[in-house]
Amino acid sequence: MIINLALGIVTLSVLLVTVRVLRGPSWGDRIMAFDFLSVNLVVLIALIAVKTKLIVMLDAALVLSLLGFLSTVALTRYLLLGRVMK
């Protein structure tokens with residue numbers, strides 16, 4: 001029951017954040033929304049893993065969280081410096 005409620009709330013949050021990523025007024029807002037979207041997707045995958053008892057999904061959540069962090073750092077560096085690496 002609680003897992004289903006959490007799945008519904010996180011899914012709604014994913015949809016709302018996706019709108020913010022697509023329509024954000026500035027690039028900073030879009031980058032922040034993208035970071036929040038990646039966190040929401042990690043939580044969604046973890047909740048699905050708990051509900052279905054598939055431990056393999058936790059590996060996917062771990063990889064997604066790492067990719068979300070790295071992409072947020074790269075996008076922020078590109079926005080601030082105009083390049084990602086030296």
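The heavy-atom pair separating Met57 from Ile45 by the smallest distance is O-CG2, 3.2 Å. Heavy-atom minimum distance, Phe34 versus Thr72: CD2-OG1, 4.3 Å.
In terms of modelled atom types and a separation under 3.5 Å, the side chain of Arg30 and the main chain of Arg23 share no donor-acceptor contact.
Rounding to the nearest 0.5 angstrom, the gap separating the CG atom in Leu41 from the CG atom in Leu67 is 11.5 Å. Distance check, rounded to the nearest 0.5 Å: OG1 of Thr76 to CE of Met32 gives 11.0 Å. Residue Ile48 holds its CD1 atom at 4.5 Å from CG of Leu44, rounded to the nearest 0.5 Å. Taken to the nearest 0.5 Å, the CG atom of Asp35 stands 7.5 Å off from the OG atom of Ser71. In this structure, Leu80 CG and Ile31 CD1 are separated by 7.5 Å, a value rounded to the nearest 0.5 Å.
Within the 4.5 Å cutoff, the side chain of Leu70 has heavy atoms near those of the Leu66 side chain. Using a 4.5 Å heavy-atom cutoff, the side chains of Pro25 and Arg20 are in contact. Side-chain contact between Leu15 and Val19 is absent, with no heavy-atom pair separated by less than 4.5 Å. A heavy-atom distance below 4.5 Å is found between the side chains of Ser13 and Phe36.
Clustering ILVMFWY residues whenever any of their side-chain heavy atoms sit less than 4.5 angstrom apart, transitively, puts Val39 in a cluster other than the one holding Leu58. Each of Val43 and Val63 belongs to its own hydrophobic cluster when Ile, Leu, Val, Met, Phe, Trp and Tyr are linked at side-chain heavy-atom distances under 4.5 angstrom.
The only option from Val14, Val42, Leu16 that meets the side chain to side chain contact (heavy atoms under 4.5 Å, CB included) definition with Leu37 turns out to be Val14.
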Which is it for Leu47 and Lys51 under the side-chain contact (heavy atoms from CB on, under 4.5 Å) test, yes or no, and what are the steps along the way? CA-CA 6 Å; Leu47 285 172; Lys51 182 173 181 168; over 6 Å; no
